[in-house]
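We name chains A, B, ... by the order of the sequence lines, and we start the count at 1 in each one. Quick note: numbers below take in every heavy atom, side chains included, and nothing from hydrogens, waters or symmetry partners. Fair warning: this is a prediction, and the values are worked out from it, not measured in the lab.
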Protein chains: 2
Amino acid sequence: MARTAHGGRRITIAHVAEAAGVSRATVSRVMNGLATVDPEIGRRVREAAEQLNYSPSTVARSLAMGRTQTVAIVVPDLGNPMFQDTLRGLSRAAARAGYRVLVADSAENPDEEIILAREARRRCDALVLVSPRMDSAVLGQLLPELAPVVLVNRESPVDGVPSLAVDYGAGIRAIVSELQRLGHRRLAYLAGPDGSYGNRARLDALHHLLDAESPEIVEVPCGAMFEDGYRAKDAVLATGATAAVCFNDLVALGLLGALHEAGIDVPGRISVTGFDGIQFARFASPALTTASVPQTQLGEEAWARLWSVLSDAEPADDLTVTPRLEIRASVGPAHQVHA
Amino acid sequence: MARTAHGGRRITIAHVAEAAGVSRATVSRVMNGLATVDPEIGRRVREAAEQLNYSPSTVARSLAMGRTQTVAIVVPDLGNPMFQDTLRGLSRAAARAGYRVLVADSAENPDEEIILAREARRRCDALVLVSPRMDSAVLGQLLPELAPVVLVNRESPVDGVPSLAVDYGAGIRAIVSELQRLGHRRLAYLAGPDGSYGNRARLDALHHLLDAESPEIVEVPCGAMFEDGYRAKDAVLATGATAAVCFNDLVALGLLGALHEAGIDVPGRISVTGFDGIQFARFASPALTTASVPQTQLGEEAWARLWSVLSDAEPADDLTVTPRLEIRASVGPAHQVHA
DNA sequence: TCTAGTCTGGAAACCGCTTTCTAGATCCCT
DNA sequence: AGGGATCTAGAAAGCGGTTTCCAGACTAGA
């Protein structure tokens, strides 16, 4: 807790009250601009506060008022650009309302995630849970005790929990349709982590391409990181596909790097697409075609949901954002395969 | 604040005390594993707590004990990969000690920064200030009232404030020396933002290259973001330099993108170097040569400094980390300029 | 058996603020 | 001028824990 610079005890409301010759209640009123206090007294109090360099203890305030003006966010990995953007959106939106944000990083560990969520929630007024990795049954159990909570990038197994989803299917369909237009007949899908909700959604979409003209899909196990994409190069080439649809931008950039090193022309020999629309996709060489998810907006929307609960307002509807296809230089007409 | 799921009042220590037929003091002792409490009573208390699904209020606890088990970090921009890494390092290190992290994003605004720092500090036990943008006089005034505080990526104008610095000079010298080795005689320096401490440090190093053989430096005003590097392409080419030394990796990646689009060979026609060693540098095409700053480690070290103050331990020494030169494909022998 | 010493657990003060309740002062209208 | 309505500011009761202090029980030694 804050002490004065000189190691003295913290200046409390009582000191100010004494200095101004009024009661603590009055100081509190003045500090909160509450009720009508005699202007002269108000002046005296403000002066005393200024003089003593008083600033009220947020902790005591929180205890007395029963709210902390703080919300928590739990993410699986602070190192992931996606979550960073969500955090940024949330943080800035919350700041505008005078709220602060507590972060917790579960390091992709589902057990840790449960503990952190509980723990973080207890310190705060509300919680944002981003892409929780825990399984559905556990999540369903946990959510009620965490309320108010909003879920980002995952469906809620129970009712009454606002959630913000991404329409991965739509993103994938947009990508495939563009590749199809360019004449690609055989696509490699670089799959994400096995348990991942997002990966499942993408696979579902790929397996349900209705069009009879739809390209053939070859699944290549991969992962979610740079390194995974980088290492997948040979497996991708071995499929004979003319385009690689990657689980996300990180994987795509990794693949791009490996292809570049191997001197393989993109998109001449093979087209590459990502997913997420991270900042870096635009500046890759060649610039990466991707389905862009407005992650920052997701953070802002998460705040909006929390705020409406915190202020007893009408709860905003659930939102499913549709990724926007960003066509860039990493895709081109299908290369003729010499069978 | 947490309520029970059913909208009832929060379960407090008093409820548990009553249920177990003991005093609140005893419950507190049991919950904290304190002193010697009769095992039978301990069992009863734990059972009651379990039964009622009791969890102590962190806020009340903080008020009573005078510490929040929370530290704050103020960064200029949560969107910047450098700060993200620092945050991540701090967060994970703090978590190991049971501490949580509050984040605040000043949006590069020095005035906002001051307010945020004060505000964040009051809610927490300590503060990390990363790359503060405020000017030195203001910083000097502010620091004492923020203590315990540690400064990352900036020197303290006052004594007694632990700070973690990056030896930008050494990084720049390593880069230049490598370029010199490759025969470059004329380098363009894509400068960072004007007020930036980091930019000043880099410039100082560039202007004090002792070696008589040192290459000539041409300064190109630029900035700190992708876009800045992207836009600087023509200005860089106009200098006739055979290598571009960029303020940071973002700028370098932007420049790389623009050069790639223009069909200009890197490093054949011009070499490009970055600074910072962000994750993406490795996977750019061509992979970016950079002076890598272990930002995550900086976050961890910041925690170590805070912790030693919080636990009254011997304060750790200030640390200056030296960037490690990562030589990658974006640099090569100097291209012969036809004067 | 009596007394000094040790333990256990409860009562109560405390952390620093908010907010209800209330007494007294002020105001207004008849 | 009198009496109710209105307003101001203080006293005190929380908020939910921790911790000091102390009384009573129990142990042990002479």
S.K.: Report yes if some heavy atom in the side chain of A:Leu87 is under 4.5 Å from a heavy atom in the side chain of A:Val75; otherwise report no.
M.R.: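 No, every pair of side-chain atoms sits at 4.5 Å or beyond.
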
S.K.: Check whether any side-chain N or O of A:Thr26 sits under 4.0 Å from OP1 or OP2 of D:dA9, and answer yes or no.
M.R.: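 Result: no.
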
S.K.: Separation of A:Arg44 atom CZ from D:dG10 atom P, in whole Å?
M.R.: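 Interatomic distance, CZ of A:Arg44 to P of D:dG10: 9 Å.
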
S.K.: Between the side chains of B:Arg43 and B:Glu40, is the shortest nitrogen-to-carboxylate-oxygen separation below 4.0 Å, so that they form an ion pair?
M.R.: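 Judged by the 4.0 Å cut-off on N to carboxylate O distance, B:Glu40 and B:Arg43 do form a salt bridge.
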
S.K.: List every contact pair, protein side and nucleotides 11-14 of chain D side both N or O, where the distance is under 3.5 Å.
M.R.:
none

S.K.: Answer yes or no: does a side-chain N or O of B:Ser57 lie under 4.0 Å from OP1 or OP2 of D:dG16?
M.R.: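 Negative; the distance criterion is not met.
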
S.K.: Using every non-hydrogen atom in the two residues, find where A:Ala14 and A:Arg24 come nearest and quote the distance to one decimal.
M.R.: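 Closest heavy-atom pair between A:Ala14 and A:Arg24: CA-CG, 3.9 Å.
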
S.K.: Select one nucleotide: of C:dT18, D:dT18, C:dG16, the one nearest the side-chain heavy atoms of A:Asn32.
M.R.: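 Nearest listed nucleotide: C:dT18.
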
S.K.: Where does the angle between the aromatic ring planes of B:Trp303 and B:Tyr99 fall among parallel (under 30°), tilted (30 to 60°) and perpendicular (over 60°)?
M.R.: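 It falls in the tilted class, 30° to 60°.
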
S.K.: Can you measure A:Arg122 atom CZ to D:dG17 atom C1' for me and round it to whole angstrom units?
M.R.: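 Going from CZ in A:Arg122 over to C1' in D:dG17 covers 12 Å.
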
S.K.: Considering every strand and a 4.0 Å limit on heavy-atom distances, what is the contact class for B:Val27: base, sugar-phosphate, or nothing?
M.R.: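 Since no nucleic acid heavy atom lies under 4.0 Å of B:Val27, the category is nothing.
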
S.K.: To the nearest angstrom, how far is B:Met31 atom CE from D:dG16 atom P?
M.R.: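 To the nearest whole Å, that distance equals 15 Å.
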
S.K.: Mapping B:Ile41 and A:Arg61 onto DNA chain C by nearest heavy atom, which one lands closer to the 5' end?
M.R.: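 Going by which nucleotide is closer to the 5' end, it is B:Ile41.
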
S.K.: Would you mind checking if A:Asp318 and A:Arg305 are paired as a salt bridge, meaning a charged N to carboxylate O distance below 4.0 Å?
M.R.: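 So A:Arg305 does not pair with A:Asp318 through a salt bridge.
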
S.K.: So does B:Arg123 pair up with B:Glu119, basic N to acidic O under 4.0 Å?
M.R.: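 Counted as a salt bridge, because a side-chain N and a carboxylate O are separated by less than 4.0 Å.
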
S.K.: Atom CD1 of B:Ile13 and atom P of C:dG9: how far apart are they, to the nearest Å?
M.R.: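 It is 15 Å, rounded to the nearest whole Å.
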
S.K.: Select base, sugar-phosphate, or nothing to describe what B:Ser28 touches, counting heavy atoms under 4.0 Å on all strands.
M.R.: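 Contact class for B:Ser28: base.
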
S.K.: Take atom CE of B:Met65 and atom P of D:dT19, then tell me their distance rounded to the nearest Å.
M.R.: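 Roughly 6 Å, once rounded to whole Å.
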
S.K.: Over its full length, what angle do the end axes of the helix from C:dT1-D:dA30 to C:dT30-D:dA1 make, each axis taken from five pairs and the result rounded to 10 degrees?
M.R.: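 The angle, to the nearest 10 degrees, is 50°.
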
S.K.: Looking at A:Gln69, I want to see if its CD is surrounded by more than 12 non-hydrogen atoms of other residues, nucleotides or ligands under 6.0 Å.
M.R.: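 Yes - once you tally the heavy atoms of other residues, nucleotides and ligands closer than 6.0 Å, there are more than 12.
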
S.K.: Return the set of residues passing side-chain hydrogen bond (donor to acceptor under 3.5 Å, both in side chains) with B:Thr86 (not counting sequence neighbours), or none when no residue passes.
M.R.: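 B:Thr86: side-chain hydrogen bond (donor to acceptor under 3.5 Å, both in side chains) contacts with B:Gln295.
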
S.K.: Per the side chain to side chain contact (heavy atoms under 4.5 Å, CB included) rule, which among B:Val309, B:Val128, B:Val74, B:Leu127 passes with B:Val149?
M.R.: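 Running side chain to side chain contact (heavy atoms under 4.5 Å, CB included) over B:Val309, B:Val128, B:Val74, B:Leu127 with B:Val149 returns exactly one hit, B:Leu127.
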
